[in-house]
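Input: a single structure, listed below in structure tokens.
Model, not experiment: these values are computed from the prediction. All values below were derived from every heavy atom in this structure, side-chain atoms included, with hydrogens, water molecules and symmetry-related copies excluded. Indexing begins at 1, ligand by ligand and atom by atom, following the structure's order.
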Amino acid sequence: MKKIGIIGLGEYLPKKILTNADLEKMVDTSDEWIITRTGIKERRLAAKNEVTSDMALKAAKQALDNAGLKAADLDLIIVATITGDMPFPAVACILQNALGAKAAVCFDISAACAGFVYAIAVAQQFIARGTYKNALVVGAETLSSITDWQDRNTCVLFGDGAGAVVLSEVKSGGILSTHMGSDGSKAGLLMMPGGGSRNPASKETLEKRMHYLKMQGNEIFKLAVTIMAEAAQVALKKAGLECQDIDLVIPHQANIRIIMAMAKKLKLPKEKIYLNIEKYGNMSSASTATALCEAAKSGRIKKGDIVLLDAFGAGLVWGACVIKW
Ligand code: UT7
């Protein structure tokens, strides 16, 4: 079996910062509530004319440079997103054109906050079978475009950004295991009801604010803790490893209390958990992508380290991936 690993990483965060103090002026909330309940201090927002593919492009270029590859070397591009530039075509195709990656096969994956982990698992399969050689995997989101800025239950949570990796065959280390799971019976807990075939855009869907994401946060919270801990255990078992073998966990950054409760279940000290939620909030598929990039580039991940990606989101969907660096 070929060893498939990450050979390049990149990220992009928009410049505009929205602080908790800014949100206090928009809805009935407080800096104290947001920090203690979520761990978020600020988040980034895309500029007026900045869309998901623009952010994906910046992260992708950085990842390609970091890998020492050219766009022409790519034969696969997968973008994980739930906030594409438009319902179709795929962001991956728009990105392909912007990069000039003419040889690449391109598609998006809709697996919400677990999308980046799903996309890595899919790309790995293609490379392992020899179908493709160099894959660009991007997690990119403009969640601000589907956030209801009048709903304090959700508007304090989300942000925009993009992270990217290049996957290819490596001589040592690489992806040791992946695990994915889904439970569509709980699809109603987190969704955007308007804009699809069930509720196409109309005056009524606009008036009912159906084009914004809706979440039953409390239910999701409880499920996230249990499922993320279980997903980590399954992925580790598949890799023939134990929790204590992990050097760094890159969890989905939805809520610091979810992350710490999951870490407690796995008996992992907080030093082994990478966090960027304080700066960026929940960026769905871009959260794990940017966190992995930052952790690697800042030296938190060293050669030989065992890294666990662990994500959970709307669907419900979840995914974990063990990588030897
Ligand atoms: O990304 C993938 C999936 N998403 C997640 O994993 C998110 C999971 N859920 C969560 O992170 C948490 O459930 C939230 C952060 C969304 C909410 O925290 P919570 O501790 O579950 O709060 P809650 O929903 O039970 O609400 C507690 C109280 C309520 O007031 P009452 O009914 O007790 O009077 C809310 O109305 O907090 C109130 N509240 C707020 N207060 C101030 C809700 N949002 C706010 C707010 N500011 N922004």
Using a 4.0 Å heavy-atom cut-off, say whether Thr154 meets ligand 1 through its side chain, its backbone, both or neither. neither
With heavy atoms under 4.0 Å as the rule, classify the contact between Thr29 and ligand 1 as side chain, backbone, both or neither. both
I'd like to check which ligand 1 atoms, numbered from 1 as shown, lie under 4.0 Å from a non-hydrogen atom of [X].
| X | value |
| --- | --- |
| Val156 | 48 (N) |
| Ile258 | 6 (O), 8 (C) |
| Thr38 | 15 (C) |
| Cys113 | 1 (O), 2 (C) |
| Leu190 | 3 (C) |

Quick test: of every protein heavy atom, which one is nearest to [atom], and how far off is it to 0.1 Å?
| atom | value |
| --- | --- |
| atom 20 (O) of ligand 1 | Arg257 NH2, 2.9 Å |
| atom 21 (O) of ligand 1 | Asn218 ND2, 3.0 Å |
| atom 11 (O) of ligand 1 | Asn255 ND2, 2.7 Å |
| atom 43 (C) of ligand 1 | Asn153 OD1, 3.1 Å |
| atom 3 (C) of ligand 1 | Ile220 CG2, 3.6 Å |
| atom 28 (C) of ligand 1 | Arg37 NH2, 4.0 Å |
| atom 48 (N) of ligand 1 | Arg152 O, 2.9 Å |
| atom 8 (C) of ligand 1 | Gly217 O, 3.5 Å |

List in chain and number order the residues that pass ring pair (Phe, Tyr, Trp, His ring centres under 6.0 Å) with Tyr212, two or more places apart in sequence or in another chain; answer none if no residue qualifies. none
Side-chain donor-acceptor contact under 3.5 Å, [X] with [Y]:
| X | Y | answer |
| --- | --- | --- |
| Gln125 | Tyr132 | no |
| Thr52 | Thr142 | yes |
| Tyr12 | Glu50 | yes |
| Asn255 | Thr38 | no |
| Asp148 | Thr154 | no |

Looking only at distances, can you tell me whether any N or O atom of Asn282, backbone or side chain, sits closer than 3.5 Å to an N or O atom of ligand 1? yes
Any nitrogen or oxygen of Ala224, main chain or side chain, under 3.5 Å from a nitrogen or oxygen of ligand 1? no
Using the salt bridge (Lys or Arg N to Asp or Glu O under 4.0 Å) definition, which of the options Glu294, Glu11, Glu42 pairs with Lys279? Glu294
Heavy-atom proximity to atom 44 (N) of ligand 1, best of Phe158, Trp33, Phe312: Trp33
Should one rank Met283, Lys222, Met215, Gln216 by closest heavy-atom distance to atom 7 (C) of ligand 1, which comes out on top? Met215
Using every non-hydrogen atom in the two residues, find where Ala311 and Thr288 come nearest and quote the distance to one decimal. CB-CG2, 4.3 Å
Give a yes or no on whether a salt bridge exists between Asp28 and Arg152, defined as a side-chain N under 4.0 angstrom from a carboxylate O. yes
Can you tell whether the side chains of Lys186 and Asp183 come within less than 4.0 Å, N to carboxylate O? yes
Any protein heavy atom sitting closer than 4.0 Å to atom 32 (O) of ligand 1? no
Nearest 0.5 Å, what's the CG-CD1 distance between Leu136 and Ile78? 9.0 Å
